[in-house]
Amino acid sequence: MSIKAMDFSLRINPSICFTQNLPKPSSKLRFLTVRCSLPLTSDDAATGLAERPWKVADARLVLEDGSIWKAKSFGASGTQVGEVVFNTSLTGYQEILTDPSYAGQFVLMTNPHIGNTGVNFDDEESRQCFLAGLVIRSLSITTSNWRCVETLGDYLAERNIMGIYDVDTRAITRRLRQDGSLIGVLSTEQSRSDEVLLEMSRSWDIVGIDLISGVTCNAPYEWVNKTKSDWDFNSNGRDQETYRVVAYDFGIKHNILRRLASYGCKITVVPSTWPAAETLKVKPDGVLFSNGPGDPSAVPYAVETVKEILGKVPVFGICMGHQLLGQALGGKTFKMKFGHHGGNHPVCNLRNGRVEISAQNHNYAVDPASLPEGVEVTHVNLNDGSCAGLAYPALNVMSLQYHPEASPGPHDSDCAFREFIGLMKSTKQAA
């Protein structure tokens, strides 16, 4: 099908243009002929115009508020629905792509330039990409990193993940901040009308959906890999004793496991539905409840598992694990307006007054007012005052709403793993 390239055209008669003061031909002079390529149409074929050398808009992002954003596609093609959230990280797009906590979501990067470092296989945070799609302002046309093995576009295409660029991400971010997270439909299919895509966005909801079952492992396995020496940090003062930890995989990131292993833990990773009785049967020194996607109220089976383990062994909850602990202790969770997504969130440790710059990725939070007596709020987010950490000393419970492993990102919160080690050590000594 022919496409009209422009609404205007420039026609030049070479016999009357640029004829004055031209140098006479010389064997020492070489002339460069430049051809501007445009898509051929029936009218333009005779003029010598050829295909355009740049990509045109071939994708749409339709939001449930009725706004339609035209863009250019990269990665996979098709039509996908998801919740649109924005991430303020300046780097680390590969870790974001492979964070299972983004299942069911389109991630919009506020940093305008994405793709310049390409992709390498050392920075994977899980076995695959779980997010619904990637929305960026500018896609780098070149890669310049010594570890790069593949371009971002090829990486997404191989994993059937859609991406769009040349869209006004700043305007969309302002809309999300004002109206809250929105459901959207991303499509490269021209056969689907805007009205059809809008109806799709308004008929789908992420609230109340169990997204954990789609990202958890299928069977238990042992994790033995530590943080590589080239990338290790905070290695001084670690306890050399080995602690047995069972980690519930609600969408766990590999670097959480690497950090635990680097602190001397022998780790068994189990599926989200693994019975609490089976966990307690192996007599672990501690249990980790990991990060994960979606609504904690949509996984009551996980809350029941947490309840059965509380008080039996020390527990550490991260992100989704923190929210599940909040519910298991009798508290409530709620959906935030647009959540926290990025590597630059300031958090205050109320116990010592220390401020940590943290990496966060969550759309739900624990309501501190709903927590029973004895449960202590240990950390608060300094941007909005929301609960960022809990402790219940009577049951050897600790949790963080954010990601202390932070790879890439700040390492301010890595001491949380040392605190978990100390909790297991003191419990073990008291037994």
Distance, nearest 0.5 Å, that separates OG of S73 from NZ of K55: 4.0 Å
Presence of salt bridge, R351 and E419, under 4.0 angstrom: yes
Crowding at CZ, R354 (>12 non-hydrogen neighbours, <6.0 Å): yes
Under 3.5 Å side-chain donor-acceptor pair for Y392 and S399: no
NZ/NE/NH1/NH2 to OD/OE distance under 4.0 Å, D65 and R175: yes
K70 atom NZ, over 12 foreign heavy atoms within 6.0 Å: no
H340 versus D384, side-chain donor and acceptor atoms under 3.5 Å: yes
Sidechain N-carboxylate O distance under 4.0 Å for E189, R192: yes
Non-neighbouring partners of Q80 that pass side-chain hydrogen bond (donor to acceptor under 3.5 Å, both in side chains), sequence neighbours left out: none
Side-chain ion pair, D285 and R244, N-O less than 4.0 Å: no
K266, NZ atom: more than 12 neighbouring heavy atoms under 6.0 Å: no
Salt-bridge present (K72, D58; N to O < 4.0 Å): no
Heavy-atom side-chain proximity of V85 to L108 below 4.5 angstrom: no
Please tabulate, for side-chain N and O atoms in residues 132-145, each donor-acceptor pair with protein atoms closer than 3.5 Å (sequence neighbours left out).
residue, atom, partner, partner atom, Å
S140, OG, T142, N, 3.3
S140, OG, T142, O, 2.5
N145, OD1, R147, N, 2.8

Any side-chain heavy-atom pair of I318 and S290 under 4.5 Å: no
Donor-acceptor pair, side chain of S370 and main chain of D367, under 3.5 angstrom: yes
Geometric class of the F289/F250 ring pair [parallel <30°, tilted 30-60°, perpendicular >60°]: parallel
R259, R258, K226 screened by salt bridge (charged side-chain N to carboxylate O under 4.0 Å, His left out) with D232, the one that passes: R259
SB check K428 E241 (cutoff 4.0 Å): yes
Distance-only polar pair, side chains of N87 and Y102, donor-acceptor under 3.5 Å: yes
Donor + acceptor pair across side chains of T227, S262 (<3.5 Å): yes
Min side-chain heavy-atom separation H403-C319 under 4.5 Å: yes
Heavy-atom side-chain proximity of N363 to E83 below 4.5 angstrom: yes
Within 6.0 Å of NZ in K332, more than 12 heavy atoms from elsewhere: no
Partner set under ring-ring contact (aromatic ring centres under 6.0 Å, His included) for F338, not counting sequence neighbours: F86
N/O donor-acceptor pair under 3.5 Å between S89 side chain and G343 backbone: yes
Side chain to side chain contact (heavy atoms under 4.5 Å, CB included) between N381 and Q360, worked out: CA-CA 10 Å; N381 187 300; Q360 305 204 8; 3.4 Å; yes
Atom pair CG/CG of L131 and D99 - distance to nearest 0.5 Å: 9.5 Å
Exercise: do Q323 and T333 side chains pair donor with acceptor under 3.5 Å: no
Test salt bridge (charged side-chain N to carboxylate O under 4.0 Å, His left out) applied to R202 and E199, step by step: CA-CA 5 Å; R202 291 176 174 174; E199 179 59 29; over 6 Å; no
